[in-house]
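Input: a single structure, listed below in structure tokens.
Here is the naming used below: chain letters follow the sequence lines, and residue numbers restart at 1 for every chain. As a basis for the values below, the full set of heavy atoms in this structure was taken, side chains included, without hydrogen atoms, waters or symmetry mates.
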Amino acid sequence: MAEQTYIQAISDALEIEMKRDDSVYILGEDVAEFGGAFKVTRGLHEKYPGRVINTPISETAILGAAIGSALNGMRPVAEMQFMDFVTNGFNQLANVASTTSYRWGMGVPMVVRGPSGGGTSGGPFHSRNSEAWFAHTPGLKVVCPAFPDDAKGLLATAIRDNNPVMYFEHKALYRSIKGEVPEGEHTVPFGEVRVVREGTDLSIITYGSMVHKSLKAAEKLAENNISVEVVDIRTLVPFDEEGVLRSVRKTNRALVVHEATSHAGFGAEIVARITDKAFDALDAPVKRVAALDAPTPFAKTMEEFVLPQVEDVVQAAEAVVGY
Amino acid sequence: MTLPFEFSETIQRSDILRDEQRKELLVHMLKAREFDAAMGRMYRQGRALGGVYSQLGNEATAVGSAYALEANDPLFPMHRDIGAHFVRGCDIDTLMRNHLARVGSQMRGTDGTGHYGDHSKKIYGNVSHLGAMIPVAAGYVLADKMRGTKSVAMNYIGDGGAQVGDFHEAMNLASVQKLPLVLIIENNQYAYSTPTDEQFACDKLSDRAIGYGIEGVTIDGTDVELVFDTCRQAVERARAGHGPTIIEALSMRMRGHAEHDDASYVPKDMLEYWQQRDPVDRYAAWLIDNGILTADEIDGIRKVIKEEMNECIDTVVELPMPDPEEGGKGVFVAS
């Protein structure tokens, strides 16, 4: 084990998988000599000449080319400079990558990765959490790691998967989160929740950046003798329904938390599964904490108001427990 | 009616093709035409499924271009390129099952409309979002280039689809990376009901090549030998590492966008003009004039194809559609 930041763990996974498999390559904007806008791919161009490809500013071409090369035996990792820009190439994912297995029986082993999420005064076009769009598209897998060890292990699993995987990195976690990460090859299976804090009064079901805010909220709630279990779902598709239900059946209360906007967000899916499958176990209605239904604003004051904060989680948790 | 291009009255004889190959070209074109006719009949009898998109008028472009590839070169056809499927060795039975979504369809009944993919024949059909497959074709040969394999991708797009943003991004990337990609723009004068002068303001769509720093040419898409020769040159250039080529092949969509569309918006004199340049008829006449085939031989070939087509239809329409539960399967491949 070695202590790594979230971003180091991602870079590490890329390097190990490139070393392990010649068919793994990277394409994207400024990813070669420059190492990418956030330096995730720094050094890989030199280590693996010809396998880190700079592209024009053309998300459609990046994603389409990734699909074509994946059909032809490669395992591309396409970087979106900001995950927001994936919208420019949305059609390639929503209609080509996602339907190829279904229509042709052919795998498209590709990963689309990049920085998403807010909290950095990035404004409306550098802050989006767009995972729900992709989770709503059959044929795509969706991964949102919260910790360095998961960031490494889930990326390795994504690269080895024979299907298209959307891998959402949270840019606010890149250098703010450190953790012990297994050295060398490390994979984490898809579709398994991680209980990151055990508790008995309430289950917080969350993923990505909100795992950390939920853990902080749990600390505060503990001061009031509220014992919170924090469940990190890690992958939205495939979704570990049983893992979520297991926790809810134990605590009999659930709060669903994500940084993405609330309306029709992935939280709605989680709530639906809980009420459908564990209604009898519930002692209170399931609540959600999510961003307000607005673009992510630029001004720090406004951004903090729009995005869910620790205090929002605390208040919602108290409401569920006090029901 | 103005035509954007000076056409030759005669077939531009290829120096490469042998007479045996000329016969093959005609057979593929006839198969495409008869398949089309059969599908049209099925539609009118209410026995087809979904839309039926005629390729009438596109035979020379689809067949001549695909014929310029080697068997190992990936082909990215469009829905009117059934002739290219025949060049690749697809059989009538399989194509009919695909079109009618019967058991044994290559796509399990999940999709139709010429969108077929077949790894064994290196065919990767289009999706309905036009232009989406141009970057996919570019990526396919990018992979080969990285591995040092010298394959060439051929991709098709229409005069309408050429206006989609994917076209630009893909051709620009392919040009920057010098990818072995040949893009055939099948300019058949109409995008559904929209004529070309409402789609683009340039004289020739191949002029766009200048903007990408690559080669581009506009040709008569009703002359199968000219199409073959032009494509062969582009394929050889691509294989030699000289990058992509845009080939605009002019022809006429002789039917509506699909069979439900009577295409009453197309001026009659335009159809009459192009009828004189029917790609199958003029090639057949040229083969006869040049002593390569006799009229009787051609009639015989056509008769055999028609019989095979009808026999196949009679068999395939009786087959069941796939098990309904198949509709929920295959969203992911095994990890």
Side-chain angles (χ1 to χ4, degrees), chain A residues 22-23 25 27 50-51 53-76 78 88-89 91-92 94-110 137-141 157-158 160-165 189-191 237-238, chain B residues 74 76 106-112 115-119 122-129 131-149 151 153 155 164-177 179 181 326-335:
Chain A
D22 285 346
S23 69
Y25 80 100
L27 73 169
R51 289 167 61 196
I53 298 173
N54 272 342
T55 67
I57 302 177
S58 301
E59 282 76 14
T60 288
I62 293 168
L63 297 169
I67 294 167
S69 64
L71 284 171
N72 193 9
M74 302 298 280
R75 290 187 178 270
N88 286 335
N91 183 47
Q92 289 294 333
N95 288 303
V96 186
S98 69
T99 65
T100 302
S101 163
Y102 189 64
R103 300 183 310 119
W104 293 349
M106 296 180 199
V108 180
M110 65 185 279
T137 302
L140 302 176
K141 296 188 179 182
T157 302
R160 297 181 194 188
D161 199 290
N162 292 325
N163 297 282
V165 180
F190 286 177
V237 183
Chain B
F76 292 77
Q106 285 172 307
M107 301 170 87
R108 302 182 300 123
T110 60
D111 194 9
H115 297 172
Y116 318 126
D118 182 348
H119 258 324
K122 296 221 167 179
I123 294 176
Y124 306 92
N126 63 310
V127 299
S128 299
H129 301 67
M133 296 309 283
I134 312 175
V136 177
Y140 195 99
V141 285
L142 171 66
D144 279 335
K145 190 183 169 197
M146 289 172 78
R147 287 191 294 248
T149 316
S151 71
N155 189 186
V164 171
D166 301 39
F167 176 105
H168 167 67
E169 289 199 18
M171 290 317 291
N172 185 54
L173 176 70
S175 303
V176 169
Q177 291 285 342
L179 298 178
L181 174 67
E326 278 293 306
K329 294 178 185 167
V331 176
F332 293 104
V333 297
S335 290

**OP:** May I ask you to name which of A:N88, A:I53, A:V96, A:N91 has the most heavy-atom pairs under 4.5 Å with chain B?
**Re:** A:N91
Original post:
So, does A:W104 use its side chain to make a donor-acceptor pair with the main chain of B:H115 at under 3.5 Å?
Top reply: yes
Subject >> B:D111 versus chain A, the contacting section by heavy-atom distance below 4.5 Å >> reply: side chain
Original post:
Can you find a pair of side-chain heavy atoms, one from B:L173 and one from A:S58, that are under 4.5 Å apart?
Top reply: no
Subject >> Exam field: side chain A:N72 to backbone B:A143, donor-acceptor pair closer than 3.5 Å >> reply: no
**OP:** Start with the C-alpha distance between A:R103 and B:V127, add both sets of side-chain angles, then the distance that settles side-chain contact (heavy atoms from CB on, under 4.5 Å), and finish with yes or no.
**Re:** CA-CA 10 Å; A:R103 300 183 310 119; B:V127 299; 3.4 Å; yes
Subject >> A:D161-B:S335 side chain donor-acceptor pair, cut-off 3.5 Å >> reply: yes
Subject >> Closest heavy-atom pair and its distance - B:A170, A:A61 >> reply: N-CB, 4.3 Å
**OP:** Please answer whether the main-chain N or O of B:A132 pairs with a side-chain N or O of A:Q92 as donor and acceptor at a distance below 3.5 Å.
**Re:** yes
**OP:** Measure across B:G330 and A:S101 and return the closest heavy-atom pair with its distance rounded to 0.1 Å.
**Re:** O-OG, 2.7 Å
Original post:
Does any heavy atom of chain A fall under 4.5 Å from the side chain of B:A174, the backbone, both, or neither of them?
Top reply: neither
Original post:
In terms of heavy-atom proximity below 4.5 Å to chain B, should A:V237 be classed as side chain, backbone, both, or neither?
Top reply: side chain
Subject >> Partner chain A: residue of B:M146, B:E326, B:M133 with the largest heavy-atom pair count (under 4.5 Å) >> reply: B:M146
Subject >> Row check, A:Y102 ring normal vs B:R108 NZ/CZ: under 6.0 Å, within 45° >> reply: yes
**OP:** Can you measure from CG (B:D118) to CE (A:M106) and round to the nearest 0.5 angstrom?
**Re:** 6.5 Å
Original post:
Where on A:L140 is there a heavy atom nearer than 4.5 Å to chain B: the side chain, the backbone, both, or neither?
Top reply: backbone
Original post:
Which value, rounded to the nearest 0.5 Å, describes the distance between A:T60 atom OG1 and B:F167 atom CZ?
Top reply: 14.0 Å
